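The structure appears below as structure tokens.
Residue numbers begin at 1 in each chain, while the letters A, B, ... track the order of the sequences. None of these values were measured; they are calculated from a predicted model.
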Number of protein chains: 2
Amino acid sequence: MANREPTIKDVARKCGVSVATVSRVIHGLGAGYSDRTRDLVLKTADELGYRPNAIARGLVNKRTHTIGVLFPDVSGSFSSELLRGIEEEAHERGFSVIVCNTARDGERTAKYLRMLREKQVDGIVFASYFDPAAYDAELAAMRMPVVLVNTMPGAAALPYIKVDDRLAAREATDYLLRQGHRDIAMIAGTRNDPVAGQPRLAGYREALEAADVPYREELVAYGDFRLDGGRRAMERLLETAPPFTALFAASDEMAVGGINAARERGLAIPADLSVVGYDDLIYARMVHPPLTTIRQPLAEMGSRASDVLIARIQEEDRALEAGETIMPHRLIERGTVRPLRA
Amino acid sequence: MANREPTIKDVARKCGVSVATVSRVIHGLGAGYSDRTRDLVLKTADELGYRPNAIARGLVNKRTHTIGVLFPDVSGSFSSELLRGIEEEAHERGFSVIVCNTARDGERTAKYLRMLREKQVDGIVFASYFDPAAYDAELAAMRMPVVLVNTMPGAAALPYIKVDDRLAAREATDYLLRQGHRDIAMIAGTRNDPVAGQPRLAGYREALEAADVPYREELVAYGDFRLDGGRRAMERLLETAPPFTALFAASDEMAVGGINAARERGLAIPADLSVVGYDDLIYARMVHPPLTTIRQPLAEMGSRASDVLIARIQEEDRALEAGETIMPHRLIERGTVRPLRA
DNA sequence: TTCGAGAGAGTAAACGTTTAACCTAAGAGT
DNA sequence: ACTCTTAGGTTAAACGTTTACTCTCTCGAA
């Protein structure tokens with residue numbers, strides 16, 4: 001009595017039937033066996049503790065029911081919310097997910113992609129990459145379904161899921177304008193980022209101009225979406241920019257960095273400076289006062305990503321529809337904005 | 001010309017050699033082929049874009065080079081830091097990781113465990129589960145290496161990786177005592193949690209008693225490690241407890257919740273109340289003032305977990321050594337503690 | 001009675017690898 | 001001239017499934 005996991009053969013032998021029969025009853029195919037045989041097989045499988053080997057299965061049906069997910073940074077509230085959504089939906093549809101942390105490194109990304117191909121994953125979710133064009137070709141060459149979330153494709157026609165960044169930024173700025181602010185600074189994202197950087201700046205500018213408030217370059221500083229970038233951007237703003245009563249930051253992290261820097265200069269939030277952020281990560285609710293911000297429904301975006309990916313994996317049909325999915329954002333009013341008397 | 005992925009057979013055919021030969025050169029076995037053949041095979045494989053099929057490989061060598069990781073909550077800074085470490089080390093050693101979000105649900109956990117077994121993962125990391133005894137049996141029944149991180153085994157002898165919670169809590173409390181505080185409240189974790197709850201409370205009590213400060217039950221409130229739990233605990237403390245000048249919270253999240261609640265009652269931090277947290281998650285640096293806290297090296301604990309797991313997977317030898325790994329914690333002084341004049 | 005159909009199976013190939021066992025020719029040693 | 005060894009291979013089984021085919025009954029209809 002070997003001490004290995006029981007296989008379908010063991011079940012078959014013990015039942016005195018062929019493996020084909022066992023396979024059929026395990027699959028619940030309605031035909032090909034009598035009720036008596038079915039019960040016997042099921043009972044025996046249970047007694048033996050038999051579990052089908054997904055690797056062997058995968059080999060024959062060329063489906064692993066596994067997807068790969070690539071993040072530039074797995075830790076980080078942003079990615080983890082996304083991941084939760086992705087995993088949740090995948091699990092519900094019977095898929096498991098392999099996570100990959102590219103650390104924003106091209107070499108690593110390529111290596112992960114190779115590995116995922118070798119492991120025969122059924123599809124890939126590529127999340128929040130800053131330079132969309134960079135992996136287009138490699139992704140397309142994988143010859144398997146891919147969906148982008150929180151980023152956009154370059155040349156290749158890959159489906160993607162995003163929020164309308166420009167519109168969201170415009171609404172954030174509009175909100176500040178409606179509260180009576182006119183001198184509104186912005187901490188923008190990475191200068192040349194075409195997916196999360198430029199559109200948010202464009203939305204800010206658009207709102208201003210629509211309200212006949214001239215856009216002034218001196219009021220915008222660039223960060224990198226991170227805490228310290230926000231802090232430094234605010235310091236620059238405080239030194240060189242004309243006075244302003246409000247700030248729109250292109251990420252919550254930069255908003256918090258900015259707030260902390262302002263606070264160190266003696267400014268009170270929101271008394272002296274109103275702030276709206278972008279993302280609505282958990283810490284937006286943890287800081288004091290809680291941050292007014294634009295909410296991106298990250299978990300939903302993640303589950304949506306799994307949804308469209310799996311749809312593409314399973315039916316070649318609705319393959320090319322729904323290339324673009326725009327998810328709804330929302331302004332969450334909390335404590336960092338003070339209305340200004342006219 | 002079929003449009004499928006090229007297999008080892010395609011390479012063999014094109015080279016006019018047998019698949020065995022191709023397999024040997026792909027593996028870089030030094031023997032069994034001439035240099036000429038090697039070069040030819042390598043060149044052909046490259047031209048064809050051949051990549052070995054890990055599924056087929058896994059079937060024959062019964063190793064998938066994949067591990068499974070179970071979290072009670074994948075989002076959450078805590079898990080994601082851990083995950084980063086786990087993934088990083090695993091990747092370095094050639095393993096990929098499947099993430100599972102048990103959502104603290106027994107049913108789901110069991111389902112994941114079954115799935116991981118079917119997918120033939122080589123081992124499992126079980127992270128920060130509150131009730132260690134609950135899955136002992138199931139885990140042991142998996143007949144594959146398992147390591148626990150940030151939790152402890154019940155009866156079964158599973159290896160685990162932790163910080164010394166009692167000692168850490170004692171040091172946090174000692175620190176407050178050294179700063180001159182005598183009336184120190186605590187927001188403890190879940191009341192009956194034997195891994196992160198009880199030991200931290202015990203450490204707090206121990207420090208107090210060692211300093212001849214009587215332990216007073218009225219000064220401790222229980223939370224659930226989460227933000228709102230911390231907030232509510234602080235509210236209870238402020239209403240019913242005798243006056244206190246310092247607080248030790250068993251998690252950063254509860255510390256922040258407590259701070260916010262205190263602030264709403266008009267208390268200034270650290271002027272009126274000193275606070276030390278536990279964990280050192282990212283937002284400890286984001287709140288204002290930044291939180292003084294006990295740092296658990298989460299990423300390192302994660303990579304350590306992968307390390308010992310993979311060691312157990314690869315060599316049956318050092319199998320039973322290193323059952324317990326205690327990682328070093330550290331007190332990080334930031335801005336929430338004010339020394340008290342004697 | 002004979003035939004056909006369907007139920008209830010079994011056989012064997014296939015999926016893409018790895019690897020033990022075997023084969024053959026060319027030198028080397030005697 | 002003979003045997004031994006070794007380099008450079010080939011063959012085929014095995015891993016655990018799925019599934020297209022085939023086979024053999026039994027039963028009902030003509």
Side-chain angles (χ1 to χ4, degrees), chain A residues 2-42 44-45 48-66 114-115 117-122 143, chain B residues 2-42 44-45 48-66 115 117-122:
Chain A
N3 207 21
R4 48 178 186 69
E5 293 285 307
T7 74
I8 201 175
K9 288 183 192 168
D10 299 314
V11 178
R13 190 172 325 115
K14 188 150 185 217
C15 289
V17 302
S18 72
V19 297
T21 301
V22 176
S23 179
R24 282 188 293 248
V25 354
I26 295 291
H27 275 263
L29 262 26
Y33 47 83
S34 63
D35 288 1
R36 218 173 132 285
T37 306
R38 171 170 45 72
D39 294 346
L40 175 61
V41 168
L42 256 19
T44 312
L48 256 36
Y50 168 73
R51 290 272 110 208
N53 180 326
I55 294 297
R57 268 187 183 177
L59 187 57
V60 13
N61 23 264
K62 296 162 167 332
R63 281 273 111 101
T64 52
H65 287 268
T66 302
R114 268 199 306 281
M115 181 273 280
R117 184 133 81 98
E118 293 185 7
K119 291 228 164 117
Q120 314 292 123
V121 299
D122 295 336
R143 273 130 107 265
Chain B
N3 206 22
R4 49 180 185 68
E5 293 285 308
T7 74
I8 200 175
K9 288 184 194 169
D10 299 314
V11 178
R13 191 172 324 118
K14 188 149 183 217
C15 289
V17 301
S18 73
V19 297
T21 301
V22 177
S23 178
R24 280 189 296 249
V25 354
I26 295 291
H27 274 262
L29 261 25
Y33 47 82
S34 63
D35 288 1
R36 217 172 131 287
T37 307
R38 171 170 46 69
D39 294 345
L40 175 61
V41 168
L42 256 18
T44 313
L48 257 36
Y50 169 73
R51 290 271 110 209
N53 180 328
I55 294 297
R57 266 186 185 177
L59 186 56
V60 13
N61 21 268
K62 293 161 168 334
R63 281 273 112 103
T64 52
H65 286 267
T66 303
M115 181 273 279
R117 184 132 80 97
E118 294 186 5
K119 292 230 164 117
Q120 314 292 123
V121 299
D122 296 336

(Q) Rounding to an integer number of Å, can you tell me how far L59(A) CG sits from dG16(D) P? (A) 12 Å
Q | Presence of T21(B) side-chain N/O under 4.0 Å of dT10(D) phosphate oxygens OP1/OP2 | A | yes
Q | Given DNA chain D, 5'-ward residue of the pair A20(B) and A56(B), judged by closest heavy atom | A | A20(B)
Q: Round to a whole Å and report the spacing from CD1 of I26(B) to C1' of dT18(C).
A: 13 Å
Q) Can any side-chain N or O of K119(B) pair as donor or acceptor with the backbone N or O of H65(A) at less than 3.5 Å? A) yes
Q) What is the distance, rounded to the nearest whole Å, between atom CD1 of I55(B) and atom C1' of dT18(C)? A) 15 Å
Q) Does R4(B) get its side chain close enough to the base of dG16(C), under 3.5 Å, for a donor-acceptor pair? A) no
Q: Mind checking T7(B) for me? I need base, sugar-phosphate or nothing, with any heavy atom below 4.0 Å counting as a touch.
A: sugar-phosphate
Q | Nearest-Å distance for atom pair CZ/P, residues R63(B) and dT19(C) | A | 13 Å
(Q) Within the 4.5 Å heavy-atom criterion, are V41(B) and Y33(B) side-chain neighbours or not? (A) no
Q) Do S23(B) and I26(B) have side chains that get closer than 4.5 Å, going by heavy atoms? A) no
Q.
Considering every strand and a 4.0 Å limit on heavy-atom distances, what is the contact class for S18(B): base, sugar-phosphate, or nothing?
A. base
**Q.** Separation of atom NZ in K119(A) from atom C1' in dG16(C), rounded to whole Å
**A.** 16 Å
Q) Does K62(B) make a side-chain N or O approach to OP1 or OP2 of dA14(D) shorter than 4.0 Å? A) no
**Q.** Side-chain heavy-atom pair D10(A), R4(A) within 4.5 angstrom cut-off
**A.** yes
Q. OP1 or OP2 of dA7(D) less than 4.0 angstrom from a side-chain nitrogen or oxygen of S34(B), does that happen here?
A. no
Q. CD of E118(B) versus P of dC15(D): gap in Å, rounded?
A. 20 Å
Q. Within this structure, what is the NZ-to-C1' distance between K9(A) and dG10(C), rounded to whole angstrom?
A. 15 Å
(Q) Taking the nucleotide of DNA chain D with the nearest heavy atom to each, does G16(B) or N61(B) sit closer to the 5' end? (A) G16(B)
Q. Within the structure, does a side-chain N or O atom of Y50(A) lie under 4.0 Å from either OP1 or OP2 of dT17(D)?
A. yes
Q) Taking only side-chain nitrogens and oxygens of S23(B), does any of them come within less than 4.0 Å of OP1 or OP2 of dT17(C)? A) no
Q. Base, sugar-phosphate, or nothing for R51(B), non-hydrogen atoms under 4.0 angstrom?
A. sugar-phosphate
Q.
Taking the side chain as everything from C-beta on, heavy atoms only, tell me whether T7(B) gets closer than 4.5 Å to N53(B).
A. no
Q. Is the shortest side-chain N/O distance from R24(A) to OP1 or OP2 of dA9(C) below 4.0 Å?
A. no
Q: Check the distance between dG16(C)'s C1' and I8(B)'s CD1 and give it to me in whole angstrom.
A: 8 Å
